[in-house]
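Just so you know, these numbers come straight off a predicted model, no measurement behind them.
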Amino acid sequence: MKIRLDHLRVDVLDMGVAEKFYRDALGFERVVRFEVPDGIIQQMGPGGAPPGVELTQKEGLVPAPSKTEHICFQVDDVVAWVERVRAAGYPIEREPFKIGDEGLAFVKDPDGHLIEFNDFNGR
């Protein structure tokens with residue numbers, strides 16, 4: 001038996017806006033997209049493969065990002081990823097910093113979901 005993460009669901013208000021952020025700022029590509037009777041469900045991930053995020057836009061659904069929960073992506077260079085997000089025109093929630101040997105930074109997607117970049121090598 002084995003288990004691995006496939007995706008995390010992220011509720012979005014506008015699929016086009018969300019897709020642009022995850023594509024342009026994070027470099028994600030579409031894995032799959034479903035048109036459902038009351039909205040759209042689209043999975044995106046690095047290289048167009050899981051693990052990634054499942055963007056969900058449904059009629060009447062208003063995203064309610066958590067104040068404490070976040071999505072964390074392991075990256076090779078926190079500073080470079082923050083600059084990529086900034087260059088794509090998105091604000092940085094918390095500039096790069098260190099905790100022990102780890103380098104971290106936080107950004108928010110257009111719906112306010114908190115995203116952490118983490119480099120265990122401290123960059």
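Within the 4.5 Å cutoff, the side chain of Lys108 has no heavy atoms near those of the Pro65 side chain. In this structure, Ile41 and Lys58 have side chains that are in contact, with non-hydrogen atoms separated by less than 4.5 Å. Contact annotation: the side chain of Gln42 never approaches that of Phe34 to less than 4.5 Å [non-hydrogen atoms, C-beta and beyond]. Residues Asn118 and Val78 fail the side-chain proximity criterion, which asks for heavy atoms closer than 4.5 Å. Looking at Asp6 and Pro51, their side chains never come closer than 4.5 Å, going by heavy atoms from C-beta outward. Within the 4.5 Å cutoff, side-chain heavy atoms of Val53 are placed close to those of Phe73.
Two rings, from Phe21 and Phe28, have their centers 6.0 Å or more apart.
Looking at Glu19 and Arg30, a side-chain N of the basic residue comes within less than 4.0 Å of a carboxylate O on the acidic one, giving a salt bridge. Between Glu54 and Arg33 there is no salt bridge, since no side-chain nitrogen of the basic residue lies less than 4.0 Å from a carboxylate oxygen of the acidic one.
A donor-acceptor pair under 3.5 Å is absent between the side-chain atoms of Asp119 and the main chain of Glu102, judged by distance alone. Remark: side-chain polar atoms of Asp111 are not paired, donor with acceptor, to backbone N or O of His113 under 3.5 angstrom. Remark: side-chain polar atoms of Glu35 are not paired, donor with acceptor, to backbone N or O of Ile40 under 3.5 angstrom.
Distance check: Lys20 NZ to Asp14 CG gives 12.0 Å after rounding to the nearest 0.5 Å. Taken from CG in Asp101 to CZ in Phe120, the straight-line distance is 11.0 Å, to the nearest 0.5 Å. Within the model, atoms CG of Leu104 and CD1 of Ile99 stand 5.0 Å from one another, a figure rounded to the nearest 0.5 Å. Rounding to the nearest 0.5 angstrom, the gap separating the CG atom in Leu114 from the CD atom in Glu69 is 10.5 Å. Taking CZ from Phe117 and CZ from Arg84, the interatomic distance works out to 8.5 Å, rounded to the nearest 0.5 Å. Here Asp11 contributes atom CG and Leu61 contributes atom CG; the two are 4.5 Å apart, rounded to the nearest 0.5 Å.
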side-chain hydrogen bond (donor to acceptor under 3.5 Å, both in side chains) evaluation trace for Trp81 with Asp76: CA-CA 8 Å; Trp81 277 96; Asp76 56 354; 3.3 Å; yes
Worked check of side chain to side chain contact (heavy atoms under 4.5 Å, CB included) between Thr56 and Arg9: CA-CA 7 Å; Thr56 302; Arg9 176 179 161 159; 3.6 Å; yes
Check against side chain to side chain contact (heavy atoms under 4.5 Å, CB included), Met1 and Ile3: CA-CA 7 Å; Met1 289 185 6; Ile3 188 170; over 6 Å; no
Stepwise side chain to side chain contact (heavy atoms under 4.5 Å, CB included) check, Met44 with Glu29: CA-CA 5 Å; Met44 297 185 74; Glu29 297 173 30; 5.7 Å; no
Pair Tyr22-Leu55, side chain to side chain contact (heavy atoms under 4.5 Å, CB included): steps then yes or no: CA-CA 10 Å; Tyr22 285 92; Leu55 306 175; 3.7 Å; yes
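Exactly one of Val107, Asp24, Ile115 qualifies for a side chain to side chain contact (heavy atoms under 4.5 Å, CB included) with Val85. That residue is Val107.
Hydrophobic clustering places Ile71 together with Ile92 (ILVMFWY residues linked when any side-chain heavy atoms are closer than 4.5 Å, directly or through intermediates). Residues Leu26 and Leu8 share a single hydrophobic cluster, defined by chaining ILVMFWY side chains whose heavy atoms lie under 4.5 Å apart. Under the 4.5 Å side-chain heavy-atom criterion for grouping Ile, Leu, Val, Met, Phe, Trp and Tyr, Val36 is not connected to Leu13 through any hydrophobic cluster.
Counting non-hydrogen atoms of neighbouring residues, nucleotides and ligands closer than 6.0 angstrom, the CZ atom of Arg94 reaches no more than 12 such neighbours.
Contact detail for Val31 and Gly45: the closest heavy-atom pair is CG2-N, 3.7 Å.
Ring geometry for His70 against Phe106 counts as perpendicular: the plane angle is over 60°, on a 0 to 90° scale with 30° as the lower cut.
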